[in-house]
Undergrad: 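The structure follows.
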Amino acid sequence: MILFDTLRSGNAWKVRLLLRNMGQDFERKTLDLAKGDTKTPEYLAMSPRGQVPVMQFDDGTYLAQSPAILARIAEGTTYFPADPVTRNKILEWMFFEQCDLLKPLAIPRFIVALAGQGEEKADVVKQFQDQGYPMLAIMEKRLAKSDFLVNGYSIADINLYPYTSMAHLGNYDMDRFPAIQAWIKRVESQPGWVPLIEE
């Protein structure tokens with residue numbers, strides 16, 4: 001398998017976490033956005049919007065969008081079990097992250113930590129935080145009652161972990177969420193966990 005990613009992509013980090021948790025071998029091709037690596041005709045054939053990650057599988061097929069990649073890799077494992085009720089709850093949390101949580105967390109992180117524009121764009125950061133805090137409160141309520149989001153560690157946790165764990169980089173006050181903080185530590189204690197930037 002070949003994973004196409006970029007160095008600081010939280011969505012690509014999700015895929016690497018699952019692969020490392022499973023002890024799965026894969027080849028990693030880290031692309032350079034500044035050089036236009038994701039805008040070549042070859043890459044756009046795999047990911048029409050030029051996004052990462054993309055996973056190319058051993059059978060020659062490829063798949064974009066991190067939740068879809070996680071589901072395919074984890075199929076039939078404890079990370080994405082066969083029980084339909086459990087699977088549906090896992091998918092519910094994954095859709096929640098993509099629809100309601102990702103942008104409110106990812107955009108402030110980019111503005112503050114990566115672009116260094118936290119002061120001049122403080123109003124934009126606050127607008128996204130106003131959306132993000134209520135979503136984090138939903139997570140907090142769930143994790144105050146359970147170690148993981150759905151019946152044990154699953155791709156739901158892997159999918160929500162990266163941007164939630166980096167929320168403080170977008171000037172979120174994560175001290176408000178002790179259950180989330182404890183959950184982050186539990187995710188980081190899983191076998192094969194790796195940081196965003198690997199040595």
Side-chain angles (χ1 to χ4, degrees), residues 5-21 33 51-53 65-67 69-70 74 79-80 89-199:
D5 70 0
T6 56
L7 191 63
R8 298 185 183 279
S9 167
N11 284 318
W13 190 16
K14 300 170 186 180
V15 179
R16 288 190 290 117
L17 285 169
L18 176 61
L19 290 166
R20 301 295 191 198
N21 287 161
L33 295 176
Q51 297 174 313
V52 293
Q65 301 296 334
S66 53
I69 297 169
L70 293 179
Y79 299 100
F80 195 38
K89 294 303 292 185
I90 287 171
L91 290 172
E92 181 180 41
W93 279 108
M94 293 173 77
F95 292 143
F96 165 81
E97 189 262 359
Q98 290 286 289
C99 296
D100 299 320
L101 191 61
L102 192 152
K103 283 186 178 179
L105 299 187
I107 293 177
R109 171 205 171 217
F110 177 82
I111 291 172
V112 175
L114 301 181
Q117 298 177 323
E119 290 187 12
E120 62 189 274
K121 294 189 176 181
D123 56 334
V124 177
V125 170
K126 185 181 184 303
Q127 288 175 7
F128 280 104
Q129 289 176 340
D130 288 344
Q131 299 171 36
Y133 274 121
M135 300 303 104
L136 289 169
I138 292 172
M139 281 186 69
E140 177 73 10
K141 184 176 180 180
R142 170 59 181 163
L143 292 168
K145 299 177 182 178
S146 177
D147 284 350
F148 296 105
L149 291 167
V150 184
N151 299 340
Y153 183 59
S154 73
I155 56 173
D157 302 286
I158 295 169
N159 195 64
L160 273 81
Y161 164 79
Y163 287 104
T164 305
S165 71
M166 296 188 291
H168 65 284
L169 298 176
N171 289 343
Y172 277 87
D173 177 11
M174 295 306 289
D175 289 339
R176 298 188 193 182
F177 306 108
I180 291 178
Q181 298 279 46
W183 167 79
I184 288 171
K185 292 179 181 178
R186 285 191 290 274
V187 172
E188 292 174 354
S189 72
Q190 298 301 309
W193 179 87
V194 290
L196 174 64
I197 308 297
E198 298 185 54
E199 294 295 334

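Nothing here was measured: the structure is a model prediction, and the numbers come from that model.
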Undergrad: For A115, enumerate each residue passing the side chain to side chain contact (heavy atoms under 4.5 Å, CB included) test, keeping only those at least two apart in sequence or located in another chain.
TA: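 If we apply the side chain to side chain contact (heavy atoms under 4.5 Å, CB included) test to A115, skipping adjacent residues, the hits are F110, Q117.
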Undergrad: Looking at P162 and L17, what are the two nearest heavy atoms and their distance?
TA: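 Between these two residues, the closest heavy atoms are CG-CD1, 4.2 Å.
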Undergrad: Once you round to the nearest 0.5 Å, how far does OH of Y79 lie from CG of L70?
TA: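 Between atom OH of Y79 and atom CG of L70 there are 11.5 Å.
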Undergrad: Indicate the atoms forming the closest heavy-atom contact of D147 with L143, along with that distance.
TA: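 For D147 versus L143, the nearest heavy atoms are O-CD2, 4.0 Å.
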Undergrad: Check this for me: E120, atom CD, are more than 12 non-hydrogen atoms of other residues, nucleotides or ligands nearer than 6.0 Å?
TA: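 Counting neighbours around CD of E120, more than 12 heavy atoms of other residues, nucleotides or ligands fall under 6.0 Å, so yes.
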Undergrad: Which atoms form the tightest heavy-atom contact between I107 and F128, and what is the distance?
TA: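 Residues I107 and F128, closest heavy atoms: CD1-CZ, 3.4 Å.
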Undergrad: When rounded to the nearest 0.5 angstrom, what distance separates CD1 in I155 from CG in L91?
TA: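 These two atoms lie 6.5 Å from each other.
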Undergrad: Measure the shortest side-chain to side-chain distance between V112 and V125 over non-hydrogen atoms and say whether it is less than 4.5 angstrom.
TA: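 Touching, per the 4.5 Å side-chain cut-off.
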Undergrad: For the side chain of R8 and the backbone of L196, is there at least one donor-acceptor N/O pair under 3.5 Å apart?
TA: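 Checking the backbone N and O of L196 against the side chain of R8, no donor-acceptor pair under 3.5 Å is found.
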Undergrad: Between NZ of K185 and CD of E188, what distance do you get to the nearest 0.5 Å?
TA: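 Reported to 0.5 Å precision, the distance equals 9.0 Å.
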Undergrad: Which residues satisfy the salt bridge (charged side-chain N to carboxylate O under 4.0 Å, His left out) test with D123, sequence neighbours excluded?
TA: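 Expected list: none.
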Undergrad: Does D157 use its side chain to pair, donor to acceptor, with the backbone of S154 at less than 3.5 Å?
TA: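 Checked: pair present.
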Undergrad: Begin from the C-alpha positions of W93 and N159 and carry the test side chain to side chain contact (heavy atoms under 4.5 Å, CB included) through to its verdict.
TA: CA-CA 8 Å; W93 279 108; N159 195 64; over 6 Å; no
Undergrad: Specify the closest pair of heavy atoms between N21 and P191, including all atoms of both residues, with the distance to one decimal.
TA: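 Nearest pair, atom of N21 first, then P191: ND2-O, 2.7 Å.
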Undergrad: Mind checking ring pair (Phe, Tyr, Trp, His ring centres under 6.0 Å) for Y163 and listing every partner two or more places apart, or none if nothing turns up?
TA: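 With neighbours one apart ignored, the set is empty.
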Undergrad: Does Y161 offer a backbone N or O that forms a donor-acceptor pair with the side chain of S165 under 3.5 Å?
TA: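 Between the backbone of Y161 and the side chain of S165 there is a qualifying donor-acceptor contact (under 3.5 Å).
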Undergrad: So, for Y172 and Q129, which heavy atoms are closest and what is the spacing to 0.1 Å?
TA: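 For Y172 versus Q129, the nearest heavy atoms are OH-CA, 3.2 Å.
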Undergrad: Working to the nearest 0.5 angstrom, can you tell me the gap between I158 CD1 and W13 CH2?
TA: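 I158 atom CD1 to W13 atom CH2 measures 12.0 Å (nearest 0.5 Å).
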Undergrad: Measure from the side-chain N and O atoms of Q98 to the backbone N and O of M94, and report whether any donor-acceptor pair falls under 3.5 Å.
TA: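 A pair under 3.5 Å: no.
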Undergrad: Less than 4.5 Å apart, any side-chain heavy atom of Y153 and any of Q190?
TA: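 In contact.
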Undergrad: In the structure I gave you, are the side-chain heavy atoms of E140 and P178 within less than 4.5 Å of one another anywhere?
TA: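 Yes. Closest side-chain heavy atoms under 4.5 Å.
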Undergrad: How long is the gap from CD on E97 to CG on N11, to the nearest 0.5 Å?
TA: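 Rounded to the nearest 0.5 Å, the CD-CG separation comes to 6.5 Å.
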Undergrad: Minimum heavy-atom separation for A156 and V150, please, with both atom names.
TA: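 So the minimum-distance heavy-atom pair works out to CB-CG2, 4.4 Å.
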Undergrad: Return yes if some donor-acceptor pair links the side-chain N/O of T164 with the main-chain N/O of L160 below 3.5 Å, else return no.
TA: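 Confirmed, T164 side chain pairs with L160 backbone.
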Undergrad: Got a second to check how far N171's CG is from R109's CZ, nearest 0.5 Å?
TA: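 CZ of R109 is found 13.5 Å from CG of N171.
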